[in-house]
Amino acid sequence: MSDLIRKDASELAGLVSSGEVSAVEVAQAHLDRIAAVDGDVHAFLHVDTEGALASAAAVDAKVKAGDKLSVLAGVPLGLKDILATNGLPTTCGSRVLDGWIPPYDATVVTKLREAGVVILGKTNMDEFAMGSSTEHSAFGPTHNPWDLERIPGGSGGGSSACVSSFEAPLAIGTDTGGSIRQPAAVTGSVGVKPTYGGVSRYGIVALASSLDQAGPCARNVLDTALLHSVIAGHDPMDATSINAPVPDVIAAAKRADIKGMKVGIVKELGGEGYQAGVRSRFEESVTLIESLGAEVVEVSCPSFPAALAAYYLILPSEASSNLAKFDGIRFGNRVGDDGTKSVEQVMSETRAAGFGSEVIRRIILGTYALSAGYYDAYYGQAQKVRTLIKQDFDAAFAKVDVLISPTAPTTAFKIGEKLDDPLAMYLNDVATIPVNMAGLPGMSLPIGLAPEDNLPVGLQIIAPAMADDRLYNVGAAIERELLAKWGGPILGMAPELAGA
Amino acid sequence: MSGISQEDVAHLANLARINIPADQLGHYAKQLDAILNAVAEVSSLDTENVVAMSHPVPMTNVFREDIPGVSLTAAQALSGAPAVEDERFRVPRILDEE
């Protein structure tokens, strides 16, 4: 197997732009890796060999011509299958969209193509991004490269697994309640959910429009920052896009200096319900942060314990409305249209055949929460809790520069373990959900392996809105110390995959 | 505040246009009941003087100049449709036969 697959994105971009290695060689090395190991990992739903090699060749032509290249030109990437791609299948992990080929690109995809990033294919996900394990994909689960019997997190498990199995140095995820950060935590990779509105949602199939945000996944902080800088920025096609300069995340990742910063531990996100090894690695990282000259204090966010409940009212409510368009009329599959049935019957049969059980549960739940008579008690009350969560964050950020917590309460669990218990599954996102509710940026950074199971643990770093650069500064400072301690990247400790 | 029956699930499924088989209604009812019990926690906080928040950033209406731009052609817009006739989406009957 080519050693190109183990290189960082920044290194690959340098090799390509200097002409030392062609972008086609880089793309081919990763396509070979996918061919060798993806039968076991199943990170990809669709591999676009032809398209990847063509866009790599276009980058090589620019190198030859001496054209100016972007910071990630020629670097391969896995794209979550929730982003619309012109001419490439986009399924959202659902039967209802099996075979659908969008006639346009999401803005994020347009930006990637313009930057010469080589899209290898579309990555697996929980159906319509509903889940924390990728087991709810209609096309079968993705497996965690650290232990193939375990989940790679979700909903973006394909994106986290392709990065951590060296199938791609970069991936795009989307994060509605933790779907970038929790998969990063359980696979030993880095993932960032940018500030809400920081990255365009145009062309991304909506789950919960007030919570969804696309973001970068990579194997280190600098690569994550480079990808963030490529996809972020104002987009007139998204009415919720923030019209302000993108924070300088690359400079922040290079600064890596937290001396004099104030870091808050969120009292409510930790302790009981968190695995012992997750807690001990978190406590070690607190000591490390202090040793780097930052002041660590505890802050209380008293409404956070109700965040999970509020989220599971707001998300299903928005999802039940957003998913109404999947009715087999304008796109996707249609079931039962034999010429005798009414449009309502055909829609009902199409949706029953096309949606998996988790999607059906959440649509029914949302329909209930929005119905007359229950609206105020459920959806209305959840929106008020959302205000309290934002106020807790505002009060905390009046005292500290960033907040920290474990990203997820446990390391990767076994495939099948929580599949029949929706409530147990929902608890995976207990620490990440408040961040989406307030629209803030958050990062998950690998901080070591839990001693009891040798599986990766993630540290969550949270910053105020539009202060995404702080995540990268803090993350890079901690990462530098951990790399020195480990003698190399954490993924070097992962077992070799049989196919390699 | 909770308590969801099989009949409730059937009614909600009809509103949501999902044809759930009768033998699965009980399973969904049981799971949804457990979830509704858990999410009832939103009532545990005092929200008497709290304003509801629908969105994380202040929203203002966004306008743009009314300039014609490039949009999808009819063929592109219809390219993913399950049934097409005369450059239009072909749909099952929408009215009862009379």
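Naming: A, B, ... by sequence-line order, numbering from 1 per chain.
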Sort [X] into side chain, backbone, both or neither according to what part of it lies under 4.5 angstrom from a heavy atom of chain B.
X: A:Y426; answer: side chain
X: A:P236; answer: neither
X: A:K390; answer: side chain
X: A:S357; answer: both

- Query: Who passes side chain to side chain contact (heavy atoms under 4.5 Å, CB included) against A:T240, sequence neighbours left out?
  - Reply: A:Y196, A:R201, A:D238, B:H55, B:M59
- Message: Going by side chain to side chain contact (heavy atoms under 4.5 Å, CB included), name the residues that satisfy it together with A:A463, two or more places apart in sequence or in a different chain.
- Response: A:V402, A:P441, A:A467, A:R470, A:L471
Quick check on [X] against chain A: is it the side chain, the backbone, both or neither that has a heavy atom closer than 4.5 Å?
X: B:L72; value: side chain
X: B:V50; value: both
X: B:D46; value: backbone

- Note on the structure: Against chain A, residues from residues 10-26 of chain B with at least one heavy atom under 4.5 Å, in numeric order, are B:L12, B:A13, B:L15, B:A16, B:R17, B:I18, B:N19, B:I20
Between [atom1] of [X] and [atom2] of [Y], what distance do you get to the nearest 0.5 Å?
X: A:L308; Y: B:E41; atom1: CG; atom2: CD; answer: 8.0 Å
X: A:R361; Y: B:Q31; atom1: CZ; atom2: CD; answer: 4.0 Å
X: B:R64; Y: A:M237; atom1: CZ; atom2: CE; answer: 8.0 Å
X: A:Y368; Y: B:L36; atom1: OH; atom2: CG; answer: 5.5 Å
X: B:H27; Y: A:D420; atom1: NE2; atom2: CG; answer: 6.5 Å
X: A:Y374; Y: B:I4; atom1: OH; atom2: CD1; answer: 8.0 Å

- Identify which of B:T47, B:V9, B:L32 forms the greatest number of heavy-atom pairs closer than 4.5 Å to chain A. B:T47
- Count the heavy-atom pairs under 4.5 Å between each of B:P92, B:A34, B:S44 and chain A, then report the option with the highest count. B:P92
Chain B: which of [options] shares the most heavy-atom pairs with it under 4.5 Å?
options: A:I314, A:T367, A:L97, A:I101; value: A:T367
options: A:P102, A:G354, A:A382, A:G332; value: A:G332
options: A:G99, A:P305, A:G366; value: A:P305
options: A:G328, A:A307, A:G197; value: A:G328
options: A:L440, A:I364, A:V385, A:L323; value: A:I364
options: A:E349, A:E344, A:Q345, A:M437; value: A:E344

- Message: Any non-hydrogen side-chain atom of A:R386 less than 4.5 Å from a side-chain atom of B:P56?
- Response: yes
- Item | Heavy-atom closest contact (A:A377 atom, B:S43 atom, distance) | O-OG, 4.4 Å
- Message: Quick check against the 3.5 Å criterion: does B:R93 have a side-chain atom that pairs as donor or acceptor with the backbone of A:T340?
- Response: yes
Identify every side-chain donor-acceptor pair in residues 76-91 of chain B under 3.5 Å, counting partners at least two apart or on other chains, and give the distances.
from: B:Q76; atom 1: OE1; to: B:T73; atom 2: N; distance (Å): 2.9
from: B:Q76; atom 1: OE1; to: B:T73; atom 2: OG1; distance (Å): 3.4
from: B:S79; atom 1: OG; to: B:Q76; atom 2: O; distance (Å): 2.6
from: B:E85; atom 1: OE1; to: B:R90; atom 2: NH1; distance (Å): 3.3
from: B:R88; atom 1: NH1; to: B:D86; atom 2: O; distance (Å): 3.0

- Message: Please check if the number of heavy atoms outside A:K325 that lie under 6.0 Å from its NZ is greater than 12.
- Response: yes
